[in-house]
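Report on one structure; see the data block that follows.
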Amino acid sequence: MYEPNVVGDWQEYDEHPGLRVRVHRLEPGEPPRGRDDAAAGLTYFSVRVTVENRGGRNVGIHLEDGQIDVRIGPEGEGALLDWRNSQFIEGFDVYPLRRATAVLYAAGPEASLSHVDVQVQLRVDEEWTGRRLWSGGIGAHEGPAGTPSGGVREGLAQQIGVFLQEQAEEGSV
């Protein structure tokens, strides 16, 4: 396992030249076909996993249940995954310069959603890739990029954004 990516970053696979994946659009939202009864009292959120082929040949992609793991909160507890509402990639050929996206719906206690880790293990042409991890969060504490609300710096993505903005400002002086 490598260092985690920030939600929104692309991760390229060395074993499959031109193939890259990202976890993005981590946001609160109700599932389209109604809530799972097990999610009573929990807050729903969705996350998208996009696979892009920048290589010269088509590749067969599988990204199904069991290949995506979502952990929430500082202790890394498992989120409730709503398999009925989620849309996976099951045996799809991704041609050069094309993308395929899976949409996953999950739920957890609202207080734990400021820290969300998503681990993906893609299957490409019947071969397993290495696992990759993305970290981010959903929270009312996040304001516009680089401006923490109320002076509170919560969420890994916001912390990294502020750090990069500070580094850019120091470099331009």
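Quick note: numbers below take in every heavy atom, side chains included, and nothing from hydrogens, waters or symmetry partners.
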Test your reading of the model: is there a side-chain donor-acceptor pair from [X] to the backbone of [Y], 3.5 Å cut-off?
X	Y	value
Asn53	Val94	yes
His62	Gly91	yes
Asn5	Trp134	no
Arg48	Leu104	no
Arg132	Tyr13	no

Residue pairs passing the ring pair (Phe, Tyr, Trp, His ring centres under 6.0 Å) test where at least one lies in residues 75-106, sequence neighbours excluded: Trp83-Phe88
Worked check of salt bridge (Lys or Arg N to Asp or Glu O under 4.0 Å) between Asp93 and Arg57: CA-CA 10 Å; Asp93 288 335; Arg57 64 175 188 83; over 6 Å; no
What distance do [X] atom [atom1] and [Y] atom [atom2] have between them, rounded to the nearest 0.5 Å?
X	Y	atom1	atom2	answer
Asn85	Glu30	CG	CD	9.5 Å
Leu113	Phe45	CG	CZ	5.5 Å
Leu81	Asp69	CG	CG	7.0 Å
Asp9	Arg20	CG	CZ	10.5 Å
Gln67	Leu122	CD	CG	7.0 Å
Glu27	Arg25	CD	CZ	5.0 Å

Apart from Leu42 itself, residues in the same hydrophobic cluster as defined by side-chain heavy atoms under 4.5 Å: Leu80
Cluster companions of Trp10 among Ile, Leu, Val, Met, Phe, Trp, Tyr (side-chain spacing under 4.5 Å): none
Test side chain to side chain donor-acceptor pair (under 3.5 Å) applied to His16 and Thr129, step by step: CA-CA 9 Å; His16 299 283; Thr129 63; over 6 Å; no
